[in-house]
Amino acid sequence: MEKLYNSIYNSLDRRDYTAARKYIEELAPHDPVEAARLMVSLYIEQEDSRGAMQAWGKLDTLLPHDFFTQFLHARILFMEKLYVSAYKELKDIQLPSDKVYGYGEKIANLMGQCCRILGRTGEAAQAYKKAAEWASEPALKAMEYSNYLFNLHYSGSHSAEYLRQQAEGFGQLFHGVEVFKQHPRRDLEKPLRIGYLSPDIRHHVVLCFCYDLLTAYSRDKFEVYVYMLGPEDEYSEKIKRQVTGWRNLRGLPFHEAARVIHDDEIDILVDLAGHTKGNGLPIMAYKPAPVQISGIGYFASTGLDAVDYFLGDCCLDGDGAFNEFVEDLIVLPHSHFCYRPLHNVPLPQEAPFLRNGYVTFGSFNNFAKVTDEVLAVWNKILSAVPQSHLLLKASVFDGGETEAYTRERLLKAGLPMDRVECRGFSEDYLPSYGDMDIALDTFPYPGGGTSCDALYMGRPLISLVGKSHGERFGYSLLKNLGLEELAAFAEDEYISRAVMLAEDRELLAGLQKSIRGMMQKSPLMDSRLYLQEMEAAYTDAWEKYESGQRK
């Protein structure tokens, strides 16, 4: 029997599903329950929800009311995008105390995913925190803690001290790691060697923020290496041709990946993912480069002592921002990124309010950022601007029970649903800005790529300025663009600015025509200025290391 089980697990590891099915069928006469569980898992691995549900019916007949039977059912419901049903199933699971460390992580992770999608952001953060506590493997524990930290920012405005304390919890996971203490002395005649670590150097929003950083650098002063942590595409190929070196470290154990970077003799390693999906922070924990920086792809402290600096700018980082970070802050004099759209989309030709006779506000943000407090403020704006409409575009409006659940949320918030249009997700969403007049930012977690896209498509953005680094992204955008008047420092100001702009049709039409040009001339898209400031920051960080100010 042990040999048969090993054959099943080895086949699954190799993704040899034909062999796995054969061995599972051989197991069925001897252990029908385990065979039924494995058959469900086999279909799930193949992303065949229909087959999985049929196999689950057999398992439920053999072992009803079992916690793992319930979990597998929730997993299939999630595959079918029945997030409300999956959430309810997970809530009913009574996990035996002796099974917590074997199964708890999987159950809590799935609960976190459901809650995030459904806008139950506080529950999502706590679910991921439990998943981290219950994870049995260090890599899983790190992944789940990253999920926790990321989702913590959806769930409300927290104090700088609290955010830092929670981030430090991630750093504590790596206190036993043996870091690289010896780094080759750099030949002063050679260019500084910069490494970039990310899973997102592909068709991804992060590439919009770092494309010029990876391609427009001074080749006489710097060499650039990219350490990819995920699948590649045609955008990856474009970058490959413009950098000194490219390595895909996907799937390597953390210490082996760190060894590759160390052996490349990287001087400054820059993490572009933070605590986002598929990140390389556990690699950074080994300190493979003498100077390490994080930023752009994430908006809060990594929590790692091994990371020396976090990248910010003068608009993001006020006096209190330093309290949020384990790292020292690099405060650039303008924008901390340079925006480059990945698609060339023409500006809309006609203002929607001229075509419709009313102003259309809108948000294309990830709907997990749209809290009940945000909905309440948006409702006040619609009330103050008669006949105005609200256009929402997000994956939660792709149909089914999740859309019904979300529409019910909008109704409970008091929104006039006859003036609210909900559209599902689409990859080529930029032309949809032609149906929006004014973009409304979310808070306390503001938009990132969607805010840049809205401005690039000529849509003025109303943003609420928060206290933390991550809550001031919209303000940094508007300040660098020369439109700081559209940034508000209180909810009533946010409402009044939106109302004022909607009522001043001449100003609104003028902004819609001019914002793209303003953006192209601003620090947000000035590649030359941005590279000068970034390269000066790199040089300064290296000089501090060389002089012994940082070790």
Side-chain angles (χ1 to χ4, degrees), residues 77-78 80-88 113-121 124 154 205 345 348 351-353 355-443 445-451 453-454 457-464 474 494-495 498-499 502:
L77 293 170
F78 187 89
E80 295 184 334
K81 298 184 178 180
L82 298 172
Y83 305 121
V84 178
S85 296
Y87 170 79
K88 290 177 179 177
Q113 293 185 68
C114 289
C115 290
R116 176 181 54 80
I117 292 167
L118 296 175
R120 309 179 76 93
T121 52
Y154 287 131
V205 63
V345 179
F353 72 82
R355 180 174 67 247
N356 299 325
Y358 54 79
V359 167
T360 301
F361 298 98
S363 171
F364 295 171
N365 280 316
N366 177 345
F367 217 73
K369 299 179 182 181
V370 183
T371 65
D372 290 344
E373 290 75 20
V374 170
L375 291 176
V377 168
W378 289 355
N379 186 39
K380 290 178 181 178
I381 292 171
L382 291 182
S383 298
V385 183
Q387 299 184 321
S388 63
H389 282 226
L390 178 65
L391 172 60
L392 303 173
K393 186 174 176 62
S395 59
V396 293
F397 300 116
D398 284 344
E401 64 177 33
T402 304
E403 178 169 352
Y405 175 91
T406 307
R407 284 179 176 272
E408 185 64 25
R409 273 192 66 205
L410 302 180
L411 194 61
K412 287 181 179 177
L415 288 163
M417 295 306 292
D418 58 327
R419 293 159 57 195
V420 178
E421 181 182 354
C422 304
R423 298 182 186 176
F425 173 79
S426 58
E427 288 286 351
D428 55 342
Y429 78 105
L430 288 178
S432 296
Y433 281 107
D435 297 326
M436 177 197 299
D437 288 299
I438 300 170
L440 297 177
D441 204 358
T442 50
F443 56 86
Y445 188 166
T450 50
S451 294
D453 290 342
M457 294 304 293
R459 272 45 205 161
L461 173 74
I462 306 297
S463 188
L464 182 62
Y494 179 100
I495 295 166
V499 173

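Given the structure is predicted, the values throughout are model-derived calculations rather than measurements.
The CG atom of Leu415 sits 9.0 Å away from the CH2 atom of Trp378 when rounded to the nearest 0.5 Å. Residue Met457 holds its CE atom at 9.0 Å from OH of Tyr433, rounded to the nearest 0.5 Å. Between atom OG1 of residue Thr442 and atom OH of residue Tyr154 there is a gap of 9.5 Å, rounded to the nearest 0.5 Å. Taken to the nearest 0.5 Å, the CG atom of Leu390 stands 8.0 Å off from the SG atom of Cys422. How far CD1 of Ile495 is from OG of Ser383: 9.5 Å, rounded to the nearest 0.5 Å. Rounding to the nearest 0.5 Å gives a distance of 7.0 Å between OG1 of Thr360 and CG of Leu391.
Between the Asn379 side chain and the Leu375 main chain, no donor and acceptor come within less than 3.5 Å of each other. At distances below 3.5 Å, not a single donor-acceptor pair connects side-chain atoms of Asp441 with backbone N or O atoms of Pro446. Checking side-chain atoms of Arg419 against main-chain N and O of Ser388 turns up a donor-acceptor pair under 3.5 Å.
You'll find the side chain of Ile381 reaches within 4.5 Å of the side chain of Tyr494, heavy atoms only. In this structure, the side chains of Cys115 and Thr121 stay at 4.5 Å or more apart for every pair of heavy atoms. Using a 4.5 Å cut-off on side-chain heavy atoms (C-beta onward), Tyr87 and Leu77 make no contact.
Across all their heavy atoms, Asp398 and Gly424 have their closest contact at OD1-CA, 3.1 Å. A pairwise comparison of heavy atoms in Ala439 and Ala454 identifies CB-CB, 3.9 Å as the closest pair. For the pair Ile117 and Val396, the tightest heavy-atom approach, listed with the atom from each and the gap, is O-CG1, 3.5 Å. Nearest heavy-atom pair, Ala498 versus Ile438, reported as atom, atom and distance to 0.1 Å: O-CD1, 4.2 Å. Across all their heavy atoms, Arg409 and Thr371 have their closest contact at NH2-C, 3.6 Å. In this structure, Lys393 and Ser432 approach most closely via the heavy-atom pair CE-OG, 3.8 Å.
Using modelled atom types, one finds no donor on one side chain facing an acceptor on the other under 3.5 Å when comparing Arg423 with Tyr429.
In this structure Ser85 satisfies the side chain to side chain donor-acceptor pair (under 3.5 Å) test together with Glu401, sequence neighbours excluded.
Residue pairs meeting the ring-ring contact (aromatic ring centres under 6.0 Å, His included) criterion with at least one member in residues 391-418, sequence neighbours excluded: Phe367-Phe397.
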Audit row: Gln113, Tyr83, side chain to side chain contact (heavy atoms under 4.5 Å, CB included) steps and yes/no: CA-CA 9 Å; Gln113 293 185 68; Tyr83 305 121; over 6 Å; no
Full working for side chain to side chain donor-acceptor pair (under 3.5 Å) between Asn366 and Tyr445: CA-CA 10 Å; Asn366 177 345; Tyr445 188 166; over 6 Å; no
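A salt bridge links Arg355 and Asp435; the closest N-O separation between the charged side-chain nitrogens and carboxylate oxygens is under 4.0 Å. Under the 4.0 Å criterion applied to side-chain N and carboxylate O atoms, Asp437 and Arg459 are not assigned as salt-bridge partners.
Taking the six-membered ring for Trp, Tyr358 and His389 have ring centres closer than 6.0 Å.
Annotation for Lys369: atom NZ counts as buried by contact number, over 12 foreign heavy atoms lying within 6.0 Å.
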